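Here the structure is a predicted model, which is why all the values come from computation and not from measurement. Counting convention: from 1, in listed order, for ligands and their atoms alike.
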Amino acid sequence: MIRTWHLQDDRQSLVLASFDNRLPEAVYWGPALPTGENLETLSAAALADVAAGMVDRNAGLSLCPEASESFPGQTGLTARDRAGAPLMPSFRFESEATSEHGLTLVFADKSLDLSLVFDLVLTPETSLLKLQTRLESADEITVDWLAAPVLPVPAHTGEMIEFSGRWCAEFLTRRLPFAPGARVRDNRTGRTDHAHFPGLIVCATGTSNTAGEAFAFHYGWSGGHKMVAEELADGRRQVQFGHATASLASGRHFVSAPLYATYSDTGFNGAAVLFQRHARDHVVHGARMPRPVHYNCWEAVYFKHDLEELKAIASKAADLGAERFVLDDGWFGRRDDDTSSLGDWVIDKRKYPDGLTPLIDHIKALGMEFGIWFEPEMVNEDSDLYRAHPDWVLGHADQIRGRQQLVLDMSRQEVRDYLYAHIADILQKNDIGYIKWDHNRILPVVDARQAEGFYELVDRLRANFPGVEIESCSSGGGRIDFGVLERTHRVWLSDSNDALERQRIQHDAALFLPASVTGSHVGPRHCHTSGRTLDIRLRAWTAAQRHMGFEMDPRELTEDEAAILREVTSWWKANRDWMMQADILRLDSTDPAVIAEQQLSRDGGQFVAFAALTRPSDQILPRPLRLTGLDPQTRYRISLVNRDEAPRLSRGAPLLKTQDLEASGQYLMSHGLTLPWRFPETLWVVEGKRI
Ligand code: GLA
């Protein structure tokens, strides 16, 4: 007997089949199937043969492959009973319920009193599969691994792009062959982490940003994930995502985080825009519009807070166009460096004898909002909090410290209550519109309760201070995922304010993140994290590609630099309404020295393309920049915004150097734009409008 289910929209179809009441398998995932397809036939037709040297029936590559079926790869569940004996459930169909956009399927193993529930949704508008697995047990059990619903990827997708990274180099991508055996990532840092963005793209050989097939995945969880991308000996391929191994405690109810997945036949961009739109329109809630230009004082003053100096900096920042001033680390306890005071969330009277009010009043008078830095989950041993509650620390006493700090045990109610009370007190007594919420070390133990405790604390603050926006920071981009974005409004993508490094990081992060949530700041002339010296134009335009801000000491700017920054900032303000809603389309640059993208308005009526030359090209002249996502039949007016930056060595007369051009979408996508020659470490900005 075959039961079938079909999640579909006009882009994609996911067909599930349960054979003889066993766990459902995805028998088809790909482009939308035509109506009238017989799902039972299709499911029966998908059953693979059995050859010599195999067991007599292929174990199902189900939404949770079972050990009891002798599944010859990673199983979807690893659990032990109270005595520690492995549990080998064999689940059978119990019930189903459909909702408007999804379906809940319940399976049970009656002899073990276990039920396995799959919550499956195909999100309207954004066409992402949002999939969760729940396990309920009558007895207390221990779960070492519970995968979110497991999906197969087809044989013609022979490659995968996975994500690694480090501090100041988040979202590093690597394209690997999908080979026999398992590619496993088990992130044991306890946070999302720079090195483990929980994403994967499985694609066909030759898939590019703009063409070809791709299956993209993201696990929306902040506590560290495990991923398995495995090719079995029989040739089938599976992708599993779940919480990092051993992060789940004993209990009766277990649930995976949502796994988001989608199919694209229009290259990586086809999937990227769906993740971008979903993050912006359905994951993040209550972001202030228009997105205000930030000023953050970290790289200007570090821990040296002087009221008069901060006021002078704020005045300069406002003059450049900043609309929100963020007071970073150093305002609380006796925090003169990073060795003390985390946990003591009271204003440092030595630095602020009259509290924060004089600074906030000054900032408000300049027309800016005031924001402030916290690192709630952390504690220094040199703090009143630690002296009072050394037992609140997570992990054993002689653990290795990280940035001289320890982690608070967020599973404890009294810890969360303490943090809530202190943060709430600061928010109540001061006019604060924004929190930069940091998390500057990995955890000493992997425990899902830590991330759950963090979520609960943020949720409580959000509920009681709905007007306060939150940015997720973790030494830059160490906590970026849809789990944290459900409760915050912006991510600090990287501690690197080096515009060249930023070009690369922003480009790769756009596979999942929209501009509206991605913080990007104009850093100091001499970059503090790379030692490189970069021109203000490159720094300013790079920040203008995302949610713009400044982070240098504005007093270091020459008048020329300040004028350029003011100009780019007002360009950003004039365009942010549509740009913060736009799709970021990564362009397939024919020159590996160029990183290029096109931000296309939702109605397709206008766009801006950014093309950064990160190093000298191998060939003398720029290769044409081919655009994407335009209507071939429509004509567009194209303008090179910063044409006055063409250097003297550009001696020829490409049209865009002196005037606008009008051309069809077909020409712009097939031939591309001929741009003037320029120096490396510069960036062309091209605007286009439908005529
Ligand atoms: C982390 C953040 C920085 C800054 C410092 C403050 O490193 O990523 O932006 O806030 O902490 O200590």
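- At a heavy-atom distance under 4.0 Å, no atom of D338 approaches ligand 1.
- At least one side-chain heavy atom of I480 sits less than 4.5 Å from a side-chain heavy atom of F171.
- One side chain, Y420 or N464, offers a donor N or O that lies under 3.5 Å from an acceptor on the other.
- W392 and Y418 have perpendicular rings, their planes meeting at more than 60° on a 0 to 90° scale where under 30° would count as parallel.
- Side-chain contact annotation: Q503 with E501, donor-acceptor N/O pair under 3.5 Å absent.
- With respect to E170 and R502, no salt bridge is recorded, no charged nitrogen being found less than 4.0 Å from a carboxylate O.
- Looking at ligand 1, you won't find any N or O of S474 less than 3.5 Å from one of its N or O atoms.
- Considering backbone and side-chain N/O of R335, none are found under 3.5 Å from N/O of ligand 1.
- Considering backbone and side-chain atoms alike, E551 places every N or O at 3.5 Å or more from each N or O of ligand 1.
- A centroid separation of 6.0 Å or more is found between the aromatic rings of H305 and W331.
- By the 30° and 60° cut-offs, the orientation of the rings of F325 relative to F370 is parallel.
- Heavy-atom contacts of C473 reach the following atoms of ligand 1: 2 (C), 8 (O) (cutoff under 4.0 Å).
- For H218 and F241, the gap between ring centers reaches or exceeds 6.0 Å.
- With respect to atom 2 (C) of ligand 1, the closest heavy atom belonging to the protein is D438 OD2, 3.0 Å.
- Ligand 1 lies out of reach of E375, whose nearest heavy atom is not under 4.0 Å from it.
- Looking at atom 8 (O) of ligand 1, its nearest protein heavy atom turns out to be D495 OD1, 2.6 Å.
- Considering only non-hydrogen protein atoms, atom 10 (O) of ligand 1 sits nearest to D328 OD1, 2.6 Å.
- Between H294 and Y434, the ring planes are perpendicular. Angles over 60° get that label, and only those under 30° would be called parallel.
- Scanning all protein heavy atoms for the shortest distance to atom 12 (O) of ligand 1 gives D329 OD2, 2.6 Å.
- Interface of N440 with ligand 1, defined as ligand atoms under 4.0 Å from a residue heavy atom, comprises 1 (C), 7 (O), 11 (O).
- Atoms of ligand 1 lying under 4.0 Å from any heavy atom of S475, numbered from 1 in the order shown and given with element: 7 (O), 8 (O).
- Residue-ligand proximity: H439 is placed with every non-hydrogen atom at 4.0 Å or more from ligand 1.
- Geometrically, ligand 1 and G476 share a nitrogen or oxygen pair separated by less than 3.5 Å.
- Of the residues F217, F512, Y219, Y260, the one that meets the ring-ring contact (aromatic ring centres under 6.0 Å, His included) test with F482 is Y260.
- In terms of protein heavy atoms, atom 9 (O) of ligand 1 is closest to K436 NZ, 2.7 Å.
- Under 4.0 angstrom from ligand 1, there are no non-hydrogen atoms of H521.
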